[in-house]
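Down below is the structure, laid out as structure tokens.
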Amino acid sequence: CSDGSLAAWGANSSGQIGDNTSAQRYVPVAVNADSGTSALYGRTPASIEASYGYSFALCTDGTVLAWGGNLYGQLGDTTTTFRSVPVVVNSASGVSDLYGKTVAALGCGAGNGAALCTDGTLTTWGYNAVGQLGVNSTTNSSVPKTVDTTQLSAGEVFASVSTGAYAYHVLAVVASPALPPVSTSLAASSISSTTATFNGTVNASQRTTAVSFDYGLTTAYGSTVTAT
């Protein structure tokens, strides 16, 4: 909704509508965002995903929320307790591999979740009977785990992720990391006793890049000016 709230309707036996009930809804109702009850309180959803019996929301503050069925740990909150209101997917230090990461996109599979992070890593959690978490095991996980990248080429990262409500696998686009920005200093021009024009070239590699010049009367320089 344009006000940042979430609405849901339909089946709700696992609490997947998030309205703090398990009642089936025939018209849209608000996903609970009450203070002290719901982790959605004070947060604004940026994107949403839904699967069979549970739901995800990525919020603008980077928090991932989940609610509904949790038989396999697919809510990622360290438990297998069903939740009828949004709870936070765990990102605690020493517990979750989401710690210190920023989530860019979510995937919602058949009993498992996936989070693509801005550093190019991918974390997964929940049902893992056929290895769909990609962590080199078939053990379910109730907290996010980093997808194994040993079969990728050196330096390759994940660029996008996809899975679905009836998918027992995860699909990801793999890409080489962007090259770092490169700057080259050129000879100064328009030199006078008090001024000079500094010159250089920059290949930003499709990134936002700030460039500055160091200058001074000795090789120690001592002054800096931002390039324009």
If you measure from CZ on Arg83 to OG on Ser38, what distance do you get to the nearest 0.5 Å? 12.0 Å
Closest heavy-atom pair and its distance - Gly111, Gln74: O-CB, 3.2 Å
Under a side-chain separation threshold of 4.5 Å, the hydrophobic residues clustered together with Leu98 are Tyr54, Phe56, Leu58, Val64, Leu75, Val89, Val103, Leu106, Trp125
Set out, in order, the CA-CA distance, both residues' side-chain angles and the distance that settles side chain to side chain contact (heavy atoms under 4.5 Å, CB included) for Ile17 and Val29, then state yes or no. CA-CA 8 Å; Ile17 287 180; Val29 296; 3.6 Å; yes
In this structure, would Tyr168 and Val170 fall into the same cluster of hydrophobic residues linked by side-chain contacts under 4.5 Å? no
ILVMFWY network linking Leu65 to Val85, side-chain heavy atoms under 4.5 angstrom: no
Nearest 0.5 angstrom please: Ile48 CD1 to Cys108 SG, how far? 10.5 Å
How far does CG of Asn140 sit from NZ of Lys145, to the nearest 0.5 angstrom? 12.0 Å
Who pairs with Asp19 by salt bridge (charged side-chain N to carboxylate O under 4.0 Å, His left out), at least two apart in sequence or on another chain? Arg25
Kindly give the heavy-atom pair with the smallest separation between Phe82 and Leu71, and that separation in Å. CE1-N, 3.5 Å
Would you sort out whether Asn128 and Val135 count as a side chain to side chain contact (heavy atoms under 4.5 Å, CB included), showing the intermediate values? CA-CA 9 Å; Asn128 195 31; Val135 295; 4.0 Å; yes
Where is the tightest heavy-atom contact between Leu6 and Pro45, given as atom of each residue plus distance? CG-CG, 3.7 Å
When you compare the side chain of Thr79 with that of Ser142, does any pair of heavy atoms fall below 4.5 Å? no
Check Gly53 against Ser14 and note the closest heavy-atom contact, atom names and distance. O-CB, 3.6 Å
Residues in salt bridge (charged side-chain N to carboxylate O under 4.0 Å, His left out) contact with Asp119, at least two apart in sequence or another chain: Lys101
If hydrophobic clusters are built from ILVMFWY residues whose side chains come within less than 4.5 Å, do Leu171 and Leu133 share one? no
When you measure from the side chain of Trp67 to the backbone of Gln16, do you find a donor-acceptor pair of N or O atoms at a distance under 3.5 Å? yes
Considering non-hydrogen atoms only, spot the tightest contact between Thr138 and Val130 and give its length. CG2-C, 4.5 Å
Spacing of Leu116 atom CG and Ser162 atom OG [to the nearest 0.5 Å]: 11.5 Å
Can you see whether Thr78 engages Asn90 through a side-chain donor-acceptor pair at a distance of less than 3.5 angstrom? no
Which label fits Tyr52 and Tyr166: parallel for a plane angle under 30°, tilted from 30 to 60°, or perpendicular past 60°? tilted
Between Asn12 (side chain only) and Ala23 (backbone N and O only), is there a donor and an acceptor less than 3.5 Å apart? yes
Does a side chain donor of either Asp214 or Thr224 reach within less than 3.5 Å of an acceptor in the other side chain? yes
What about Leu152 and Val173, same hydrophobic cluster or not, with Ile/Leu/Val/Met/Phe/Trp/Tyr joined at side-chain heavy-atom distances under 4.5 Å? no
Side chains of Glu156 and Thr149, heavy atoms from C-beta outward: is any pair under 4.5 Å? no
Would the distance check show the side chain of Asn32 and the main-chain N or O of Gly18 forming a donor-acceptor pair, the cut-off being under 3.5 Å? no
For Gly73 and Thr80, work out which heavy atoms get closest and say how close. N-CG2, 3.9 Å
Should Pro144 and Ser96 count as side-chain neighbours, where that means a heavy-atom distance under 4.5 Å? yes
Just wondering, do Val27 and Trp9 contact through their side chains at under 4.5 Å, heavy atoms? no
Taking a hydrophobic cluster as the set of Ile, Leu, Val, Met, Phe, Trp and Tyr residues connected by side-chain heavy atoms closer than 4.5 Å, whether directly or through intermediates, do Val147 and Val174 fall within one such cluster? yes
Close side-chain approach of Cys117 to Thr102, heavy-atom, < 4.5 Å: no
Ignoring hydrogens and angles, state whether a donor on the side chain of Thr163 or Asn112 is under 3.5 Å from an acceptor on the partner side chain. no
Could you state the interatomic distance from OG (Ser212) to CZ (Phe198), rounded to the nearest 0.5 Å? 11.0 Å
Spacing of Ser84 atom OG and Asn20 atom CG [to the nearest 0.5 Å]: 4.0 Å
